[in-house]
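Have a look at the structure below, then the notes.
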Amino acid sequence: MKNIYLERLDVMLREGIDNEEELHRICEMLHPAVLGLRLSELEPEDAKAILDRFLPENQAIVLSHFRKEKAGELAELYMDEMLADIIELMPHDDRVDLVKQIPEERREKLLMKIEEADREDIMRLSLYEEETAGAVMTSEFVTLRETMTVEEALVSIRRVAKDRETIYNAYVVDAYNRLTGIVTLRELLLYSGGTKMADIMNTDVVFAREDEDQEVVANRLSEYDLIAMPVIDDHNKMVGIVTFDDVMDVRKEEATEDFHKMGSVGLMNISLSDAPVKTLILKRMPWLLVLVFMNIFSGAGIAYFEDTIEAVVALVFFLPLLIDSGGNAGSQASTLMVRALATGDVKIRDWFRLFSKEIFVAITIGVIMGVAVSLVGFFRSGPEVAFVVALTMVCCVTVGSLLGMSMPFLLQKFNFDPATASAPLITSLADIAGVLMYFSIATWYFNL
C-alpha cells in the first residue's frame with residue numbers, strides 16, 4: 001500500500017521545499033522510522049537541512065532510526081552543543097551507537113557537554129564488547145522493590161514511564177539491585193493496591209548475561225515470546241534490558257553477516273547502495289582468488305586423465321553436468337546445516353545422526369538423478385558411457401551432500417563460523433572430487 005505522505009515528501013525533495021507548514025504536517029504524519037530511513041538516503045547536508053526545521057526532541061527520535069553509518073555522517077555536521085542536546089534525548093541504546101560513530105578526537109569533547117548522568121550511562125554502555133547482550137541492551141527499564149505494594153508500584157511506574165523504553169514489564173530487585181522477579185503491568189492492574197510485589201512477582205525469570213553473544217540472546221527472547229528480557233551482571237544485578245526491536249536488528253545483522261559469508265564476501269559495515277566500487281572489489285576479490293587457485297586442482301585432475309579423455313571423448317560432454325550437480329547438492333546441504341546450527345535446531349553432537357540420515361537422502365537423490373542422466377548418456381553415447389555417467393552422478397551427489405552437511409560442523413568444532421562453509425567453497429571442493437571420481441570410474445570401467 002502506497003504512503004501518500006511519503007510520496008508527497010519525495011515530490012518536495014525533488015522540487016524544493018517552499019512550504020514549511022506542509023513539510024511539518026507531512027513529517028508529523030509519517031512514522032519516525034519511515035522518515036528516518038528516507039532521510040538517511042539523502043546527502044547528509046540535505047538531511048540536516050530538513051531536521052534543522054524540527055525541535056531537538058523530534059530530531060532525536062528521527063535520528064535514532066537512521067542507519068548507523070549515515071547517522072555518524074550527519075552528526076559530523078552538527079555543532080557540539082546542539083548534538084549533545086539531541087544525544088541526551090535519544091533512546092539510550094541508539095545514542096551509544098551514534099556516539100561510537102563519532103571520531104575519537106571529537107568524542108571526548110562532545111561527551112563533556114552532555115549531562116553527567118547521561119554521560120556516565122553512555123560511557124558504561126560503550127564499554128561492552130560488540131555483539132554481546134551488553135552492547136545491544138538499553139538502560140531504560142523499570143525496577144520495583146520487593147517490599148512495594150501494587151499502589152506504590154503504579155505510582156513509581158507513572159513517575160518514570162515517560163523516560164522508559166517499555167513499562168509493560170517491571171523488574172523486581174532487592175536492596176542490592178539483584179534481580180529477584182518480574183511483574184507485568186497487567187498483573188499490577190488486576191491485584192488490589194495493598195498487595196506486595198513479593199506475593200505476585202514471577203521468580204522464574206528468563207534473563208541474559210551481559211557478556212552473552214547477541215545472537216544467543218536474540219534466539220532466547222524469540223523462543224520465549226518475550227517483548228523484553230533483563231540483562232544481569234556476574235553478581236546478578238540488573239544492568240539493562242534487551243527489547244524485541246533490538247532483537248530484530250540483531251537478527252537482521254546476523255542474517256546479513258551469514259549471507260555475506262556464505263557468498264564468500266567480506267563483511268561490510270555499509271549498505272550495498274552506499275558502498276564505493278573500491279570497497280565492493282576488495283570485499284569480493286580475496287575469496288575469488290583463493291577459489292581460482294583451488295580450481296587448479298580440478299584442471300590438474302583433468303590433465304592426469306588425459307589418456308582416458310582421448311580414448312572416450314564423449315565423456316567431456318557430461319563433465320560440467322556431473323560436477324555442477326555435486327556442487328549444487330553440497331550447497332543445498334551446507335545451507336540447511338548452517339541455518340540449523342545458527343538457530344540452535346541442531347548441535348555438534350547431532351552430527352553422526354544427521355550424517356547417517358544424509359547418506360540415505362543423498363544416495364536416493366543421486367540414484368534418481370543418475371537414472372535421468374543415464375537416459376541422455378544412452379541416446380548420445382551408448383550404454384557404456386550411460387553407465388559411467390549414472391554411477392558418477394550417484395557418487396558426486398552423495399559426496400557433495402556429505403561434504404556440504406559436514407563442513408559447518410567441522411568449522412564450528414574448531415570455533416569458526418559455520419557460515420564460512422560457503423556455497424563457492426563447497427562447490428569448489430565438490431568440483432575437485434567430482435573430476436577425480438568421474439575419470440577414475442571411467443578409467444576403471446573402460447579398463448584404460
Side-chain angles (χ1 to χ4, degrees), residues 262-264 287-337 355-411 420-448:
M262 293 185 71
S264 294
W287 259 109
L288 292 177
L289 287 175
V290 171
L291 296 176
V292 163
F293 289 103
M294 283 187 62
N295 286 324
I296 290 176
F297 291 102
S298 297
I302 293 174
Y304 181 80
F305 290 101
E306 186 176 349
D307 294 338
T308 301
I309 295 172
E310 288 181 358
V312 189
V313 178
L315 293 172
V316 177
F317 174 80
F318 297 96
L319 180 59
L321 184 154
L322 292 170
I323 62 175
D324 282 353
S325 296
N328 291 337
S331 296
Q332 280 187 339
S334 174
T335 300
L336 291 172
M337 212 53 59
F355 186 85
S356 303
K357 182 189 293 186
E358 187 66 23
I359 290 176
F360 177 77
V361 171
I363 291 177
T364 302
I365 294 174
V367 169
I368 295 172
M369 294 179 68
V371 170
V373 76
S374 69
L375 298 177
V376 180
F378 181 83
F379 286 107
R380 180 175 178 84
S381 306
E384 291 83 5
V385 171
F387 175 79
V388 170
V389 170
L391 182 57
T392 304
M393 178 63 81
V394 176
C395 294
C396 283
V397 171
T398 302
V399 171
S401 298
L402 297 178
L403 182 65
M405 69 82 54
S406 297
M407 186 67 72
F409 282 99
L410 183 64
L411 290 169
T420 310
S422 61
L425 175 60
I426 297 297
T427 300
S428 296
L429 293 174
D431 286 354
I432 297 171
V435 167
L436 297 176
M437 288 187 293
Y438 183 32
F439 291 117
S440 295
I441 291 172
T443 302
W444 161 75
Y445 185 78
F446 291 108
N447 197 26
L448 297 174

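- No side-chain heavy atom of V312 sits under 4.5 Å from any side-chain heavy atom of E384.
- The side-chain heavy atoms of F305 and S440, taken from C-beta on, include a pair separated by under 4.5 Å.
- With contacts defined as side-chain heavy-atom distances shorter than 4.5 Å, the pair V371/M393 does not qualify.
- From E306, atom CD reaches atom CZ of F439 across 11.0 Å, with rounding to the nearest 0.5 Å.
- Smallest separation of non-hydrogen atoms from V389 and L322: O-CD2, 3.7 Å.
- Of all heavy-atom pairs spanning I432 and S298, the tightest one is CG1-OG, 3.4 Å.
- Residue I309 is tested with I302, L315, L319 for a side chain to side chain contact (heavy atoms under 4.5 Å, CB included); the sole match is I302.
- What you find for C395 and I441 is that their closest heavy atoms are SG-CD1, 4.1 Å.
- Partners of F446 according to the ring pair (Phe, Tyr, Trp, His ring centres under 6.0 Å) rule, which considers only residues two or more places apart in sequence or in another chain, do not exist here.
- Within the 4.5 Å cutoff, the side chain of F355 has heavy atoms near those of the S406 side chain.
- In this structure, G377 and F318 approach most closely via the heavy-atom pair CA-CZ, 3.4 Å.
- Residues S401 and V361 are not in side-chain contact: their nearest non-hydrogen atoms beyond the backbone lie 4.5 Å or more apart.
- Rounding to the nearest 0.5 Å places OG of S428 at 11.5 Å from CD1 of I296.
- Between A362 and V397 the shortest heavy-atom distance is O-CG1, 3.7 Å.
- One finds the CD1 atom of I365 at 10.5 Å from the CZ atom of F360 (value rounded to the nearest 0.5 Å).
- Other residues, nucleotides and ligands contribute more than 12 heavy atoms inside 6.0 Å of the OH atom of Y445.
- Here the closest non-hydrogen pair linking G301 and L436 is CA-CD2, 4.1 Å.
- S334 places no side-chain N or O within donor-acceptor distance of the main-chain N or O of S331, the cut-off being under 3.5 Å.
- From N328, atom CG reaches atom CE of M369 across 7.5 Å, with rounding to the nearest 0.5 Å.
- The CD1 atom of I426 sits 4.5 Å away from the CG atom of L403 when rounded to the nearest 0.5 Å.
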